[in-house]
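Quick note on labels: first sequence line is chain A, next is B, and so on, each numbered from 1.
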Protein chains: 2
Amino acid sequence: MLTIKEIAEMANVSRSTVSRALNNSGYVSEDARERIEKVIKETGYAPSQHAKSLRTKKTKVIGVILPTIQTETSGKIVAGIDRVLSANGYQILLANTNLNSEKEMEYIDLLKARQVDGIILIATNTEKQLVEKIKEVSIPFLVIGQEIEGVVSVVYDDYHASRELVSLLIKEGHEKIAFIGVDEEDRAVGYERKRGYIDEMQANKLTIEGAWMQKAVFDIDSGNKAMEQIINRSKEKPTALFAVTDRLAIGALSYLKKIDIDVPNDFAIVSIGASEISQYVDPPLTTVDYQNEEAGSEAGKQILEMIASNEIDPKKITIDYRLIKRNSV
Amino acid sequence: MLTIKEIAEMANVSRSTVSRALNNSGYVSEDARERIEKVIKETGYAPSQHAKSLRTKKTKVIGVILPTIQTETSGKIVAGIDRVLSANGYQILLANTNLNSEKEMEYIDLLKARQVDGIILIATNTEKQLVEKIKEVSIPFLVIGQEIEGVVSVVYDDYHASRELVSLLIKEGHEKIAFIGVDEEDRAVGYERKRGYIDEMQANKLTIEGAWMQKAVFDIDSGNKAMEQIINRSKEKPTALFAVTDRLAIGALSYLKKIDIDVPNDFAIVSIGASEISQYVDPPLTTVDYQNEEAGSEAGKQILEMIASNEIDPKKITIDYRLIKRNSV
DNA sequence: CATATGTGTGGAATCGATACCACACCAATG
DNA sequence: CATTGGTGTGGTATCGATTCCACACATATG
């Protein structure tokens with residue numbers, strides 16, 4: 001490992017001069033600069049970022065805590081974050097919790113020890129402990145996907161997107177609309193989307209039968225089973241479904257196919273996510289595009305601003321959604 | 001930011017003693033240890049990883065260079081890598097090239113400057129310049145997805161998987177089998193899979209018409225267009241297709257649906273990837289599962305071994321594939 | 001009883017960079 | 001000619017840890 005000292009010796013200048021040349025600070029003669037650059041090119045020397053960080057307190061690294069890397073949503077958000085960050089010379093240090101919420105806290109500490117310049121958390125819950133912890137973190141912090149008071153949040157408009165989807169079904173003449181949701185710990189996906197569904201139904205004076213509402217987890221299989229429950233347990237069979245994610249909708253769709261209920265002729269399905277797959281199932285799903293990549297790049301922009309201004313001005317940024325109408329309705 | 005010096009003062013010992021207590025090296029009296037631990041607990045002190053790395057030359061960070069974060073394949077590989085690494089206290093520093101091969105080289109330098117303990121490259125090409133660069137990197141280095149001589153490589157058995165798929169089609173009675181591939185710069189996906197196709201056809205004394213073989217890029221739309229070319233340009237219409245990726249197969253499938261060719265009754269399709277979506281298109285695709293997550297965790301294991309042993313013993317590790325038979329044949 | 005061995009501790013050097021300061025030089029200014 | 005100010009350079013402290021070394025003391029060994 002080459003050091004600045006060796007470069008200095010080879011170029012016959014002091015370490016200070018090499019440092020100045022490297023960072024374009026202070027004065028360096030043309031002559032000295034050329035010699036230094038020549039040596040650097042020949043040796044392939046790269047300054048140690050650790051030594052640099054130790055002095056400057058800047059790492060040019062942002063920690064990103066996410067529940068899983070394997071979903072399209074996470075992939076898109078991270079891609080969006082990375083697009084902005086890498087353009088500004090920052091890199092991402094990954095922290096994958098595997099949906100284990102204790103790990104969220106652990107990783108916050110770990111990232112602090114690594115002295116990242118900022119932390120972005122793709123959140124799935126708003127547990128009290130977590131919120132407390134976030135508030136006492138002294139570095140720029142941002143959450144995506146959940147609104148946390150006092151913390152810069154980039155969120156989706158879960159409530160209105162849900163209402164709009166349900167409203168669409170109602171306009172198409174549906175009155176008996178079922179719902180597949182997830183645990184309400186996940187305030188955005190579990191609670192807000194459900195609230196949108198219930199409110200829109202009520203606003204249209206439609207009553208909801210208990211069995212129409214099922215809770216599932218985040219995979220296709222779970223959507224399949226939830227649909228089965230809905231069909232088997234409800235007295236009045238619904239004619240439409242709002243599933244809170246595409247995967248749940250796809251699971252439901254595959255169950256309906258199995259029992260020969262034709263979508264969209266006998267039954268309508270809508271969901272949220274606009275995953276690539278939603279376009280290629282049969283029939284293609286009517287869904288809402290949350291523009292995750294934009295959410296990611298917005299988050300990136302915000303955190304860079306927080307770093308630059310050294311100010312934390314808690315605000316909520318809502319990313320626009322797009323309704324995509326396809327054949328499932 | 002709390003430092004070891006302050007902790008030492010508060011616990012009435014020297015910095016050395018705190019360090020020993022922290023790292024369980026040397027001797028520390030029970031008495032001193034307790035005082036130190038108490039102070040650490042009260043203050044929430046976390047040692048600076050930078051200062052530590054500067055001395056120890058270890059960062060507990062592995063750089064992962066990948067072509068894109070947005071594909072299922074990348075997601076799975078990274079998840080596999082992370083599973084092994086995080087279990088051993090390592091973290092991933094992400095470097096996304098966005099399919100720009102110049103950036104691969106840039107990122108190698110950047111990761112070196114950040115003094116990562118190792119680099120894993122998810123490779124899409126084997127360009128000479130890149131290979132040269134890799135060879136002069138002095139830290140543990142591993143590639144996934146391409147075989148590079150003299151470098152530890154975790155690869156898939158592209159050649160045999162391809163032959164097996166084509167063989168399956170032949171056993172089902174197909175003789176006119178088309179092929180959609182990608183650029184041969186990508187040696188694994190472009191060249192090896194094509195070689196498997198050609199060799200298996202020849203081994204069965206089947207001739208290939210020029211128009212049956214089309215080149216595409218990595219998206220669904222491109223598969224669609226390639227299939228159109230095959231149908232329109234070939235004199236003898238093929239009865240089956242081997243597409244080198246699921247997405248290409250799905251594109252081809254959607255074209256066939258459009259022109260009312262029924263799969264699997266009039267036409268068979270096989271591909272490689274076992275993406276989640278392959279299971280939910282109509283009909284579900286016969287495909288090969290490359291077990292990307294396992295490839296990732298194997299890569300993680302290998303790089304940890306390289307770090308531990310401080311030895312670079314270039315070898316090739318081939319990950320097993322699984323043939324998944326579904327209704328598209 | 002002298003010597004060896006095992007504990008426990010603090011001082012100081014070190015890692016590789018940055019940044020401040022002092023100094024030297026040279027040209028322009030009054 | 002003395003003074004000023006812009007350039008260019010090197011010395012040295014500093015960042016926050018680890019690690020080696022010296023030393024002090026207690027106990028065990030011959």
Side-chain angles (χ1 to χ4, degrees), chain A residues 1-37 39-40 43-61 89 109-117 138-139, chain B residues 1-37 39-40 43-61 89 109-117 138-139:
Chain A
M1 193 65 209
L2 232 41
T3 75
I4 198 173
K5 193 178 155 198
E6 296 168 89
I7 301 298
E9 279 164 12
M10 291 169 77
N12 255 313
V13 290
S14 75
R15 308 206 301 283
S16 320
T17 307
V18 177
S19 175
R20 277 190 299 260
L22 241 34
N23 298 291
N24 285 320
S25 50
Y27 299 105
V28 178
S29 67
E30 203 43 46
D31 187 45
R33 170 163 270 130
E34 270 168 26
R35 287 205 313 277
I36 293 167
E37 275 168 6
V39 172
I40 289 179
T43 55
Y45 160 78
S48 155
Q49 290 297 319
H50 290 294
K52 188 168 178 165
S53 298
L54 188 59
R55 277 251 43 178
T56 61
K57 312 274 182 203
K58 296 244 160 292
T59 56
K60 291 265 177 176
V61 171
D109 283 331
L110 184 56
L111 292 173
K112 265 171 69 179
R114 291 202 186 276
Q115 279 159 272
V116 294
D117 292 344
S138 48
I139 54 175
Chain B
M1 189 68 209
L2 233 41
T3 75
I4 199 172
K5 192 177 156 197
E6 295 167 273
I7 301 298
E9 279 163 11
M10 291 169 79
N12 254 315
V13 290
S14 73
R15 308 207 300 282
S16 320
T17 307
V18 177
S19 174
R20 277 190 300 261
L22 241 35
N23 297 290
N24 285 319
S25 49
Y27 299 106
V28 179
S29 66
E30 203 41 48
D31 186 45
R33 170 162 271 130
E34 270 168 25
R35 287 205 313 279
I36 292 167
E37 275 169 6
V39 172
I40 289 179
T43 55
Y45 160 77
S48 155
Q49 289 298 319
H50 290 294
K52 189 166 177 165
S53 297
L54 187 59
R55 277 251 39 178
T56 62
K57 313 275 181 199
K58 298 244 160 291
T59 55
K60 291 263 176 177
V61 171
D109 283 331
L110 185 55
L111 291 173
K112 266 171 69 179
R114 291 203 186 275
Q115 278 157 273
V116 294
D117 292 343
S138 49
I139 54 177

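Note on Val13(B): only backbone sugar-phosphate atoms sit closer than 4.0 angstrom, heavy atoms only; bases stay farther off.
Rounded to the nearest 0.5 Å, atoms OG (Ser48(B)) and CG (Leu2(B)) are 12.0 Å apart.
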Practice item. List the steps, then state whether side-chain contact (heavy atoms from CB on, under 4.5 Å) holds for Thr59(B) with His50(A). Key: CA-CA 9 Å; Thr59(B) 55; His50(A) 290 294; 3.0 Å; yes

Check your understanding: Hey, mind stepping through Glu6(A) and Thr43(A) against side-chain contact (heavy atoms from CB on, under 4.5 Å) and telling me if it holds?
Key -> CA-CA 10 Å; Glu6(A) 296 168 89; Thr43(A) 55; over 6 Å; no

Practice item. Test Ile139(A) against Lys112(A) for side-chain contact (heavy atoms from CB on, under 4.5 Å), laying out the working first. Key: CA-CA 8 Å; Ile139(A) 54 175; Lys112(A) 265 171 69 179; 4.3 Å; yes

Practice item. Verify side-chain contact (heavy atoms from CB on, under 4.5 Å) between Lys52(B) and Leu22(B), making sure each step is shown before the conclusion. Key: CA-CA 12 Å; Lys52(B) 189 166 177 165; Leu22(B) 241 35; over 6 Å; no

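Proximity of Ser29(A) to the phosphate of dT9(D): a side-chain N or O atom is located under 4.0 Å from OP1 or OP2. OP1 or OP2 of dG16(C) has at least one side-chain nitrogen or oxygen of Lys57(B) nearer than 4.0 Å. Phosphate proximity of dG16(C) to Thr3(A): absent, as no side-chain N or O sits under 4.0 Å from OP1 or OP2. Residue Tyr27(B) places at least one side-chain N or O under 4.0 Å from the OP1 or OP2 atom of dT7(C). The shortest distance between the side-chain N/O atoms of Ser19(A) and the OP1/OP2 oxygens of dA17(C) is not below 4.0 Å. OP1 or OP2 of dT9(C) has not a single side-chain nitrogen or oxygen of Thr17(B) nearer than 4.0 Å.
Between the C1' atom of dG10(C) and the CZ atom of Arg35(B) lies a distance of 13 Å, rounded to the nearest Å. Protein atom NZ of Lys52(A) is 22 Å distant from nucleotide atom P of dT14(D), rounded to whole Å. Following rounding to the nearest Å, Glu30(B) (CD) and dG8(C) (P) show an atom-to-atom distance of 9 Å. Atom P of nucleotide dA17(D) and atom CD1 of Ile36(B) are separated by 13 Å, given to the nearest angstrom. The CD atom of Gln115(B) sits 10 Å away from the C1' atom of dC15(C) (whole-angstrom rounding). Straight-line distance from the CG atom of Leu54(B) to the C1' atom of dT18(C): 12 Å, rounded to whole Å. Rounded to an integer number of Å, the gap from CD1 of Ile4(B) to C1' of dG11(C) is 14 Å. What separates NZ of Lys5(A) from P of dG10(D) is a distance of 15 Å, to the nearest Å.
Counting only heavy atoms from C-beta on, Arg20(A) has its side chain closest to dG10(D) among dC15(D), dC20(D), dG10(D). Across dA13(C), dT7(D), dT12(D), the shortest atom-to-atom separation from the side chain of Ser16(A) is found for dT12(D). Side chain of Arg55(B), nearest nucleotide from dA17(C), dT14(C), dG16(C): dT14(C).
Comparing Arg15(A) and Ala32(A), the nucleotide of DNA chain D nearest to each residue sits closer to the 5' end for Ala32(A). Toward the 5′ end of DNA chain C lies the nearest nucleotide of Ser14(B), the other residue of the pair Ser14(B) and His50(A) mapping further downstream. Comparing Val28(B) and Ala51(A) by the nucleotide of DNA chain C whose heavy atom lies nearest to each, the residue mapping closer to the 5' end is Val28(B).
No donor-acceptor distance shorter than 3.5 angstrom exists from the side chain of Ser19(B) to the backbone of Arg15(B), with no hydrogens or angles considered.
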